[in-house]
Number of protein chains: 2
Amino acid sequence: MPQYTPPVRDTRFVLEHVVGLNAHANVRGFAAATPDTVDAVLEEGGRFVAEVLFPLNQVGDQHGCTRHDDGSVTTPPGFKEAYRQFVESGWGTLSAPEAFGGQEMPHVVSTAFQEYMISANMAFAMYPGLAHGAIAALVVKGSPEQQAKYLPKMVSGEWGGTMNLTEPQCGTDLGLIRTRAEPNGDGSYSITGTKIFISAGEHDLTDNIIHLVLAKTPGAPESSKGISLFVVPKVMVGDDGTLGTRNAVSCGSIEHKMGIHGNSTCVMNYDGATGWLVGEEMKGLAAMFIMMNAARLGVGLQGLGVAETAYQNAVHYARDRRQGRALTGPAEPNEKADTLFVHPDVRRMLMEGKAWTEGLRALCLWGALQVDLEHKAETEEDRQMAADLIGLLTPVIKGVGTDKGYEIATTAQQVYGGHGYIQEWGMEQYVRDARIAQIYEGTNGVQAMDLVGRKLAQNGGRAVQAFFRIVAEETAAAKGDAATADLAGRLEKSLGELQAATMWFMANGMKNPDNVGAGAVSYMHLMGLVATGLMWLRMATAASRLKADGDARFGPAFLDAKLVTARFFAERVLPEAGALRRKIEGGAEAVMALPPEMFLAA
Amino acid sequence: MPQYTPPVRDTRFVLEHVVGLNAHANVRGFAAATPDTVDAVLEEGGRFVAEVLFPLNQVGDQHGCTRHDDGSVTTPPGFKEAYRQFVESGWGTLSAPEAFGGQEMPHVVSTAFQEYMISANMAFAMYPGLAHGAIAALVVKGSPEQQAKYLPKMVSGEWGGTMNLTEPQCGTDLGLIRTRAEPNGDGSYSITGTKIFISAGEHDLTDNIIHLVLAKTPGAPESSKGISLFVVPKVMVGDDGTLGTRNAVSCGSIEHKMGIHGNSTCVMNYDGATGWLVGEEMKGLAAMFIMMNAARLGVGLQGLGVAETAYQNAVHYARDRRQGRALTGPAEPNEKADTLFVHPDVRRMLMEGKAWTEGLRALCLWGALQVDLEHKAETEEDRQMAADLIGLLTPVIKGVGTDKGYEIATTAQQVYGGHGYIQEWGMEQYVRDARIAQIYEGTNGVQAMDLVGRKLAQNGGRAVQAFFRIVAEETAAAKGDAATADLAGRLEKSLGELQAATMWFMANGMKNPDNVGAGAVSYMHLMGLVATGLMWLRMATAASRLKADGDARFGPAFLDAKLVTARFFAERVLPEAGALRRKIEGGAEAVMALPPEMFLAA
């Protein structure tokens with residue numbers, strides 16, 4: 001009963017007028033990404049996920065994964081065949097390096113496709129998604145031999161990949177890792193330990209799974225500085241690429257979770273499994289962060305992707321369901337009741353969904369562009385600027401993208417009333433699926449600490465100053481146009497709140513770092529408002545210009561909708577900025593004053 | 001693994017110093033509610049729910065209810081025996097009228113017990129909870145014969161009760177009801193139709209279930225003015241009270257839901273079932289609102305109750321789990337890591353839980369006091385004032401209580417990181433259970449419309465003016481005391497935002513009622529902030545005074561905790577008031593401007 005249509009026109013609009021694909025034609029790989037090519041990817045990729053993956057979304061939720069006594073795991077009905085089609089059609093190879101069989105398209109284009117795949121089936125999308133994190137680490141840190149051995153089949157999707165960080169006693173604090181790696185004397189290591197919450201840890205989609213595993217070598221210090229990264233194949237791979245015997249790694253159990261039932265979340269037991277060091281010993285954290293940063297952007301995209309599907313269905317329901325009458329008098333007097341659409345509070349919920357999904361789409365794609373530019377821009381200055389921006393915005397995209405994703409999914413469910421709470425309509429699944437994205441790859445509190453504790457101060461605040469400058473310049477430029485003046489003025493004011501909060505941190509963080517920690521999540525959301533506001537300013541500016549130019553590619557109704565939604569964002573979302581600043585300025589005292597034993601009033 | 005301890009000390013503090021039980025000793029039934037009696041209820045009732053009902057909470061979630069081919073429904077393992085104990089110990093009879101076997105204690109005292117029961121097991125608490133709604137309607141609208149026949153066994157808990165409103169095509173808009181009631185000529189009616197989402201519609205806990213059913217008599221108009229209320233027993237009851245044959249009402253199926261699996265949510269088929277009119281024909285809406293208002297306050301309490309348990313567990317986990325180090329340097333250098341408790345953002349989450357659960361407890365109990373005073377206060381003036389206040393605050397308690405309940409449950413889950421997402425720790429159940437409370441008994445959007453569309457303007461705004469006056473007087477009085485001056489000042493400012501928003505509605509609602517509808521939910525939350533802020537002002541005032549008096553009943557640590565938490569509420573929660581006002585003042589234009597077909601950007 002649920003529906004999903006890839007929002008191709010909106011993606012196109014963002015790629016052309018916010019991201020500015022054309023303006024970056026000088027960047028390696030971008031020239032090939034002509035509007036026609038990109039359109040083909042969006043249309044064909046969108047069709048694939050809507051027709052093949054989306055019909056399996058409720059199936060996956062209701063069947064879940066099954067672990068058998070021999071440790072093997074069966075994915076939900078239909079997943080294996082869909083995955084085969086996914087590999088055959090090459091959708092996983094869009095932005096992977098040509099050297100390993102990829103199509104080397106811009107990352108921003110494959111990100112657009114990723115969003116659709118998540119919208120269609122988040123649990124399914126995680127199988128290739130996790131492999132992509134592992135690929136990213138091997139591309140940068142793997143030895144030429146490791147790359148030749150593993151990457152082509154991982155890129156093609158014939159083999160899966162995972163990230164093994166968490167252990168029962170060790171989540172965020174990676175210094176607590178106990179998994180051991182003992183040298184075997186032949187260059188390989190023997191890996192022993194238990195990893196938990198391993199997404200796609202074991203399944204029946206691929207012949208092999210390449211695990212990337214954090215472990216400690218003998219004598220390594222008891223901090224995160226002592227961890228190393230290892231590649232541990234599920235099935236040993238011969239020098240000629242043939243599959244050999246099973247490695248000593250197995251799935252001990254799968255978790256019963258709130259959502260993403262279609263993805264197998266495994267306890268993985270390493271019982272002297274053979275692995276090889278990736279990069280240098282005790283430099284595992286840096287290698288891990290390559291996976292992690294890619295994964296965090298992917299998780300931010302999950303917030304958007306699930307919210308989009310939930311939002312679309314709420315729109316359909318609001319147009320179909322009849323209940324009550326418009327406050328301004330019956331809209332359809334011949335019907336027994338008007339549609340939900342006439343009710344201002346239903347519209348308010350839908351507009352929040354629209355303002356945030358379109359805003360986050362622009363932000364995720366603009367962020368993805370920075371990932372491209374970070375590596376491929378022509379000048380060192382441009383590369384550094386992109387690296388600064390995406391470093392700063394990664395925790396914002398992850399944290400705000402997923403907090404808003406959950407909120408929008410919940411709001412979309414609310415539009416359905418009681419029907420939203422029962423399985424049949426599919427809405428409650430979106431809420432349960434969206435919830436994990438706020439938690440994994442570093443909880444959103446951890447994202448906020450990464451932002452205020454690391455990213456703000458790096459290089460003397462270079463990144464945040466650059467971000468402020470961009471917002472200031474674009475708001476100044478947009479204040480002259482009547483169509484964007486109000487939004488620009490309100491965004492300027494929000495930027496002022498963000499700058500004031502930043503100054504407050506600088507003034508009060510030195511004397512007590514808890515002053516920064518206590519405001520971290522509010523600060524992340526304040527920056528999210530400004531960053532998403534910037535995206536809306538760009539969209540409104542482009543819509544206004546295209547309208548004046550008599551554009552026919554997007555059409556006047558689409559452009560008007562952008563302007564209305566930008567106004568909604570200005571009037572109904574940006575006011576939160578002031579409250580967030582004032583919360584931050586509350587500081588740490590009341591937050592930290594209570595002794596632990598007084599939290600329970602009993 | 002989850003824990004629950006009834007917050008008896010806090011309840012006591014609220015009853016004595018916010019609600020002021022003693023000050024109302026002149027009210028019928030209150031004199032008997034001495035501190036000792038109330039303590040006994042809280043202690044013994046709390047022990048019962050913690051020992052008997054709480055251990056069944058996860059069981060209920062995991063087993064759910066089972067419908068058999070004959071239409072009978074089995075509740076989860078343990079529920080039947082626990083219910084037997086519940087009836088035997090008389091916990092359901094606390095505030096019921098003595099005439100029907102109740103103890104006639106103040107409603108405010110039974111509300112305190114209700115909170116505990118919900119915290120222990122929300123799905124279980126709904127079985128007697130729904131019966132209470134039906135009892136309330138029969139007490140006011142039932143004929144003496146109906147009362148004599150049904151009420152004693154419903155009050156004792158031997159028989160259950162339900163509310164049957166919703167139909168597939170008919171949720172909020174009760175004018176759409178299709179269930180028919182044809183007179184049988186002997187004073188009874190033959191009821192035919194399908195009701196959905198009927199909580200506790202069929203189960204094995206009681207010998208009989210007394211359904212209260214909305215239906216239309218022949219010739220009734222097609223609006224909500226045409227509906228009548230009927231009492232329809234599952235099993236016919238003879239004049240001597242003996243059970244006879246089965247009535248033609250049965251459970252057609254049970255819903256697969258996001259949560260509250262332990263409660264059976266039924267499709268009920270009425271196939272010419274015999275029923276009797278309750279109250280007058282076509283006056284069903286008024287009778288229904290008696291059930292509904294009681295139910296809405298009960299649902300607000302569900303928000304609090306589930307949030308309390310989730311919060312308590314998050315506190316325990318934060319104290320046990322070690323991860324990372326304090327920003328101010330290791331708190332426990334001899335351990336490998338500090339507890340989660342040292343992290344400011346974890347503390348922020350827990351303080352939000354504490355500030356809202358304690359604030360909502362005070363608000364729910366103060367609201368319950370108004371229910372008592374509405375019926376039992378000595379003077380007409382006092383009764384009217386109480387009726388005004390609870391009329392105004394019912395949608396606020398329901399809407400804000402459940403929105404915050406879901407938010408706190410989600411935040412508590414967040415404290416657990418990945419462990420919060422798996423079934424094992426029990427946290428994800430609280431989120432799923434809390435979610436329904438925002439939806440049923442009128443979605444929170446409907447609550448907001450009840451507030452701004454009906455309650456604000458009733459009797460020329462008498463209720464809201466009274467509320468404003470109370471807040472203004474108490475803030476003015478509290479500004480002189482250093483311990484409460486800052487909170488009082490901030491609350492006064494928030495009251496100013498609420499008054500400004502009210503004026504804005506008055507100025508802009510006449511020319512376009514959508515201006516009111518578009519801001520309704522923001523307004524409800526703004527009033528929730530002020531009402532809960534008033535509760536915190538009372539708690540802080542009492543704590544400050546008790547501290548000065550050297551009080552030993554609550555102890556200085558408890559009183560200090562109240563003052564710290566009040567400060568947190570002032571600094572970290574009240575700032576939202578300004579943002580809510582500004583959203584309201586955005587008006588309806590951007591909310592309503594977009595044509596329906598432009599909501600989807602594809």
Side-chain angles (χ1 to χ4, degrees), chain A residues 5 7-10 171-173 176 197 255-258 315 319 323-324 327 337 341 344-345 347-348 350-351 354 417-418 421-423 428 436 439 443 445 513-514 517-518 520-521 557 561 564 567-568 571-572 575-576 578-579 582-583 586 588 590-594 596 598-602, chain B residues 5 7-10 171-173 197 255-258 315 319 323-324 327-328 337 341 344-345 347-348 350-351 354 417-418 421-423 428 436 439 443 445 513-514 517-518 520-521 557 561 564 567-568 571-572 575-576 578-579 582-583 586 588 590-594 596 598-602:
Chain A
T5 305
V8 172
R9 181 160 51 159
D10 195 53
T172 300
D173 187 350
L176 300 176
F197 301 158
E255 302 288 358
H256 299 280
K257 308 185 298 289
M258 184 181 190
V315 171
R319 294 184 65 178
Q323 208 76 191
L327 296 175
F341 230 95
D345 186 58
R347 285 287 260 272
R348 190 263 312 164
L350 296 177
M351 286 301 295
K354 187 171 174 67
Y421 196 69
I422 60 174
Q423 214 178 61
E428 55 96 34
I436 187 57
I439 296 174
T443 63
D514 285 347
V521 164
V564 167
R567 179 178 168 189
F568 180 91
E571 292 177 353
R572 290 270 171 170
E576 290 163 21
R582 275 185 286 279
K583 287 186 186 196
V591 176
M592 303 300 285
L594 215 58
M598 289 317 296
F599 272 76
L600 298 181
Chain B
T5 306
V8 171
R9 181 160 51 158
D10 196 52
T172 300
D173 186 350
F197 302 158
E255 303 288 358
H256 298 280
K257 308 184 300 288
M258 185 181 190
V315 171
R319 294 184 67 176
Q323 209 75 191
L327 296 174
T328 47
F341 230 96
D345 186 57
R347 285 286 262 269
R348 189 263 313 163
L350 296 177
M351 286 300 296
K354 188 172 174 69
Y421 197 69
I422 59 174
Q423 212 179 63
E428 53 96 38
I436 188 58
I439 297 173
T443 65
D514 285 348
V521 164
V564 166
R567 180 178 166 189
F568 179 90
E571 292 177 353
R572 291 270 172 170
E576 289 162 23
R582 274 184 287 279
K583 288 185 186 196
V591 176
M592 302 301 284
L594 214 57
M598 289 316 298
F599 272 76
L600 298 180

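Letters A, B, ... mirror the listed sequences (proteins, then strands); counts begin at 1.
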S.K.: Please name the pair of heavy atoms, one in B:Leu327 and one in A:Gly517, separated by the smallest distance, quoted to 0.1 Å.
M.R.: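 Distance-wise, the nearest heavy atoms are CD1-CA, 4.1 Å.
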
S.K.: Between B:Arg572, B:Arg567, B:Glu571, B:Met592, who has the most heavy-atom pairs with chain A when the cutoff is under 4.5 Å?
M.R.: B:Arg572

S.K.: Using non-hydrogen atoms only, which part of A:Arg319 is less than 4.5 Å away from chain B: side chain, backbone, both, or neither?
M.R.: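 When you check distances to chain B, only side chain atoms of A:Arg319 fall under 4.5 Å.
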
S.K.: Indicate yes or no: at least one non-hydrogen side-chain atom of A:Leu600 is less than 4.5 angstrom from one of B:Pro7.
M.R.: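 No, too far: nothing below the 4.5 Å cut-off.
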
S.K.: Would you say the rings of A:Phe599 and B:Phe341 are close, in the sense that their centroids are separated by under 6.0 Å?
M.R.: yes

S.K.: Closest heavy-atom contact between B:Met351 and A:Val591?
M.R.: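 Nearest pair, atom of B:Met351 first, then A:Val591: CG-O, 3.7 Å.
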
S.K.: Heavy-atom distance under 4.5 Å to chain B: side chain of A:Tyr421, backbone, both or neither?
M.R.: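 A:Tyr421 touches chain B through backbone and side-chain heavy atoms alike.
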
S.K.: Measure distances from A:Ala518 to the heavy atoms of chain B and classify the residue's part below 4.5 Å as side chain, backbone, both or neither.
M.R.: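 Contact with chain B: backbone and side chain both.
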
S.K.: I'd like to know which of B:Pro344, B:Gly578, B:Gly324 tops the heavy-atom pair count under 4.5 Å against chain A.
M.R.: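 Of the candidates given, the most pairs with chain A belong to B:Pro344.
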
S.K.: Evaluate the side-chain proximity of A:Lys354 to B:Leu594: yes if any heavy-atom separation is below 4.5 Å, no if none is.
M.R.: yes

S.K.: Quick one: what part of B:Ala520 sits under 4.5 Å from any heavy atom of chain A, side chain, backbone, both or neither?
M.R.: neither

S.K.: Only pairs of heavy atoms separated by less than 4.5 Å count here; which of B:Val564, B:Asp514, B:Leu350, B:Thr443 has the most with chain A?
M.R.: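 Looking at each option in turn, the highest pair count goes to B:Asp514.
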
S.K.: Please assess B:Glu428 against A:Lys257 for the test salt bridge (charged side-chain N to carboxylate O under 4.0 Å, His left out), listing each intermediate value before the final yes or no.
M.R.: CA-CA 8 Å; B:Glu428 53 96 38; A:Lys257 308 185 298 289; over 6 Å; no

S.K.: Do you know which of A:Arg582, A:Arg347, A:His256 has the most heavy-atom pairs with chain B at a distance under 4.5 angstrom?
M.R.: A:Arg347

S.K.: What is the distance from atom CD of A:Gln423 to atom CD of B:Glu255, rounded to the nearest 0.5 Å?
M.R.: 10.5 Å

S.K.: Identify which part of A:Leu176 has an atom lying under 4.5 Å from any heavy atom of chain B, answering side chain, backbone, both or neither.
M.R.: side chain

S.K.: Between A:Ala337, A:Ala593, A:Gly171, which has the largest tally of heavy atom pairs under 4.5 Å with chain B?
M.R.: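 Ranked by contacts with chain B, first place is A:Gly171.
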
